[in-house]
Amino acid sequence: MNAGFTVLDWTIFIGYAILIVGLGLWLSRGKEGKQEDAKDYFLAGGTLSWWAVGASLIAANISAEHFIGMSGSGFAVGLGIAAYEWIAAITLILVAKYLLPQMIDKKIFSMPQFAKERYGKGVSFFFSFFWLLVYVFVNLTSVAWLGAMAMDQILGIPMEYGVPGLLVFAGVYSIYGGLKAVAWTDVLQVVFLVGGGLITAFFALDAVSGPDGSALDGFLMVLNKVQENPGDLHFNMIIDENVSPSIFNNLPGMAVIFGAMWLTNIGYWGFNQYIIQKGLAAKSLAEAKRGLIFAGYLKILIPLIVIIPGITAYVMFTHPELQSTLHGLQGSIDKPDQAYPWLLRNFAPAGIRGLAFAALVAAVVSSLASMLNSTSTIFTLDIYKDLINKNADDKKLVFVGRVAAFVALIIAMVSAKPLLGGLDQAFQYIQEYTGFIYPGVVVVFGMGILWKRATNRAALWTTIATIPAGIAMKVALPDLPFIIRMGYVCMLLITLAVVLVLTDKHKTKAAILSAENRSMLQKAGLVSGVLAAITFVAGLIWGTNLFGCGLLHIGFHSIFMLTFLLAFVSIIMYTNANAHTQDDKAYDFDPKLFSTDKGFAIGAMGIVVIIVALYAYFW
C-alpha cells in the first residue's frame, strides 16, 4: 500500500528529504579557522532574525501531535481543541513583553541555568531531571510515534521502521549542527508544513462540495451539517457537560478561558527549553519580540490546517447523504488519529500528495530536531558541566551535547511503542502528562522573574511538591477533567510558595526604587487585587451552587484558579514596591526591557481582536 504515490510524489518527497539534510549539514559546517563554541552550538551564535525566530518557533511546535493528534481530536472533539492554539497566540504576546526580555538580558542558555542563577542548584537539578523525562518519554516518543503512524497509514511503512527512521532523519543534522542547523532548516520546513497543510485541507473540502463546488462551499457544507444537530459540538468552543460529558472531560467549558489552559501555554511558550531557546537565540531583544508576534499570527492559522480537516473527515463518516464521497476510497478511520493520513491518502492529487506528505514529515522532523537539541542542551550545560565536569571547555561540551542527543534518540526509539501503542488520541496524552509539571513551572519560574522576595527554600519545596501534588489530585479526583485538576494543583502550589516566601528571612536590603516605579508597582498590585476579588465573587455566584445559579456544567468553577493567579501577582507587585528586604539572588528590573514600540502594539492588538472574534462566532 503506497496511497497511490506516483513517481512525481516520490520525487517531491525524496527531493525534500535531500534538501533538508543537505541544508542542515551545510549550515553545520564551521568557519575555517574558528572553533565552534557552546553558544554557536546551543544558541546558534545569537544570530536569528525575527522571521527566523517566528518560523523556527512554529516549526518546532507544529509536529505530528498537530497533524495527527490534533486532527484526530478535531475528528473526535471538534473545533474546541483550537483553544490550545488561540490561547497560545495571546500567550506569545505576554511572553514577548514580560518574560523573554529578562531572560535575554541575563544571557540565559537554558531554563535550568536560569533556575540555578536565581535559586540554586537544587531547583535547577530537579527541573533538569523533570524536563529530560518529559522530552524523552513524552515529547520525542509521541512525535516519532505519531509520525510513524502517518507513514504506516499513507505508505504502508511498518511502525517498527518508521519510528527509528524519523528519529535518525532528525538526528543526522541536528546532532551534528546544533541549534543553528535546526533553526535555519525550520525556516524552510515551516513553508512546507503550512503550505502542504493548507493544500490538504483545500482538497478535502473541495471533495465534500462535489464536482461543481469549491473548497469554501465544502467548508460551509461541513459547518451546516454540524450545526443542524444541536447536540453536535464540533463547531463549539465552549463545551457543555450536559450535552457531551466525554468532550467536556478534555475541554471543560470555561476552563479553557479561565483555567489551567493558561498554565499549559505559559509553561510551554515561556519556560519550555526547546521552544524558548529560539527566542533566546535572536540577534537582539527587538528581533525576539517581533519573532514571537509573527509566531502568534501563524498559530491562528493552525486550526485551519489540522483541525478543520479532522472535522471534515468526521462529517463524511457520520452523515449518510455524504457517504457517496467515500466510494472507491482507500481504508477507513478506526480511531481518531487516523483521520489526517486517511484524508491525505484519498484527497490530495498526484504531486500534491508528495508535497503534503513532505509537509507532515517536515513537521515531525523539525520538532524532533528541536527536542533533541534542547535535550542535549539541558543535559550538557545543566547536569554534565554543573555536576560532572565543571572545567569542561567548549569543544568538550559540544561533544557531550552530541552524545547526549544520540542517547536520547535511542531511548525514544525503544520506549515509543510501550508508551503510546494503545492510545486513540495521543494529543490528549501529551497535554495531560506534561500538565503534571507545568503548574510548578509557572509558579517557580514566574516568581523567580517577577518577585524580588522569592527564595530558594520556597522554590525548592514548591518544585518538590509539584509532581506528588499532581499525582495525589489525579488519584483523589480521577473523574475531574485534567485541565481543572491542573488548576487545583496550581492553587495549592501558589499557597505553599506564598507562605514559604513570606515566612522566610530576607537579609539583603531591597534596591531603592524611584517614586515612579514604586507607584507603578503599587497600582499594578491594586489592579490585580481588585480583579482577584471580582473573579472570587463571580466564582462564588456562578462557580458554586450556593446561590442556585451555578454554571458548573460549563466549568465556571475553573475561575478560582484565575483568582489565585491574580492574587499571586498582587502580592508580588505590592511587596516589590514596599518591602525593605529581598532575596540575595533577586533580579533587578530594568523598565526599558518591557517597553515595546508601536509596531509591537499594533501586532499584538491584531492577534487579540482576531481571537476574540473567533471565540464570539464559534462560542
Side-chain angles (χ1 to χ4, degrees), residues 65-66 69-93 201 219-220 222-266 268-269 296-315 336 339 425 427-428 431-432 435 481-484 486-487 535 538 542-543 551-559 561-562 606-619:
E65 71 185 77
H66 287 79
M70 187 169 274
S71 187
S73 292
F75 183 96
V77 173
L79 189 64
I81 203 71
Y84 284 100
E85 305 306 297
W86 292 342
I87 297 297
I90 297 176
T91 303
L92 281 164
I93 299 172
F219 173 75
L220 294 175
V222 169
L223 179 62
N224 291 333
K225 292 297 180 186
V226 169
Q227 293 181 339
E228 284 173 1
N229 178 8
D232 193 333
L233 304 181
H234 273 73
F235 274 107
N236 286 46
M237 291 303 298
I238 303 300
I239 306 301
D240 189 326
E241 184 178 20
N242 294 334
V243 178
S244 181
S246 60
I247 298 179
F248 182 85
N249 190 54
N250 290 321
L251 294 166
M254 299 295 291
V256 300
I257 297 176
F258 294 145
M261 185 74 76
W262 290 103
L263 299 181
T264 297
N265 277 296
I266 293 172
Y268 182 88
W269 293 101
Y297 280 98
L298 291 177
K299 287 299 285 181
I300 296 173
L301 278 177
I302 303 308
L304 178 60
I305 296 172
V306 296
I307 299 174
I308 297 301
I311 299 174
T312 302
Y314 160 81
V315 170
Q425 292 185 63
F427 185 79
Q428 300 300 339
Q431 303 310 319
E432 178 164 6
F482 75 87
I483 291 178
I484 296 179
M486 281 173 60
T535 57
W542 294 293
L551 299 175
L552 279 73
H553 61 286
I554 58 170
F556 201 90
H557 48 302
S558 61
I559 199 171
M561 192 212 77
L562 192 58
I607 290 174
V608 173
V609 169
I610 293 171
I611 299 301
V612 170
L614 287 168
Y615 261 93
Y617 184 79
F618 292 110
W619 187 268

For this session: Dump the intermediate steps for side chain to side chain contact (heavy atoms under 4.5 Å, CB included) on Leu562 and Ile257, then the final yes or no.
Result: CA-CA 9 Å; Leu562 192 58; Ile257 297 176; over 6 Å; no
Problem set entry | Geometric class of the Phe258/Phe556 ring pair [parallel <30°, tilted 30-60°, perpendicular >60°] |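 Answer is perpendicular, since the angle exceeds 60°.
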Identify the heavy atoms of [X] and [Y] that sit nearest to each other, and give their distance.
| X | Y | value |
| --- | --- | --- |
| Met486 | Ala260 | CB-CB, 3.5 Å |
| Gly74 | Ile311 | O-CG1, 3.5 Å |
| Pro303 | Leu79 | CB-CD1, 4.5 Å |
| Ala255 | Ile484 | CB-CG1, 4.0 Å |
| Pro309 | Leu304 | CD-O, 3.5 Å |
| Tyr615 | Ala83 | OH-CB, 3.3 Å |

For this session: Start with the C-alpha gap between Ile239 and Ile554, add the side-chain angles, then the distance that decides, and say whether side chain to side chain contact (heavy atoms under 4.5 Å, CB included) holds.
Result: CA-CA 6 Å; Ile239 306 301; Ile554 58 170; over 6 Å; no
For this session: Could you please spell out the steps behind the side chain to side chain contact (heavy atoms under 4.5 Å, CB included) verdict for Asp232 and Tyr314?
Result: CA-CA 11 Å; Asp232 193 333; Tyr314 160 81; 2.8 Å; yes
Would you say the side chain of [Y] lies within less than 4.5 Å of the side chain of [X], judging by non-hydrogen atoms?
| X | Y | result |
| --- | --- | --- |
| Ile90 | Trp262 | yes |
| Asn236 | Phe618 | no |
| Val222 | Phe235 | yes |

Problem set entry | Option from Met261, Met237, Lys299 for which side-chain contact (heavy atoms from CB on, under 4.5 Å) with Trp86 holds |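 Among Met261, Met237, Lys299, the one that satisfies the side-chain contact (heavy atoms from CB on, under 4.5 Å) with Trp86 is Met237.
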Mind checking the [atom1]-[atom2] spacing from [X] to [Y]? Nearest 0.5 Å is all I need.
| X | Y | atom1 | atom2 | answer |
| --- | --- | --- | --- | --- |
| Ile266 | Ile87 | CD1 | CD1 | 10.5 Å |
| His553 | Asp240 | NE2 | CG | 4.5 Å |
| Gln227 | Leu220 | CD | CG | 10.0 Å |
| Asn265 | Glu85 | CG | CD | 8.0 Å |
| Ile610 | Ile300 | CD1 | CD1 | 4.5 Å |
| Leu223 | Thr312 | CG | OG1 | 10.5 Å |

Exercise. Could you go step by step and tell me if Ile238 and Met254 meet the side chain to side chain contact (heavy atoms under 4.5 Å, CB included) rule?
Worked result: CA-CA 6 Å; Ile238 303 300; Met254 299 295 291; 4.1 Å; yes
Exercise. Do side-chain atoms of His234 reach the backbone of Phe75 as a donor and acceptor pair under 3.5 angstrom?
Worked result: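 Yes.
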Exercise. Is it true that a side-chain atom of Ser71 and a backbone atom of Val306 form a donor plus acceptor pair closer than 3.5 Å?
Worked result: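 Answer holds: yes.
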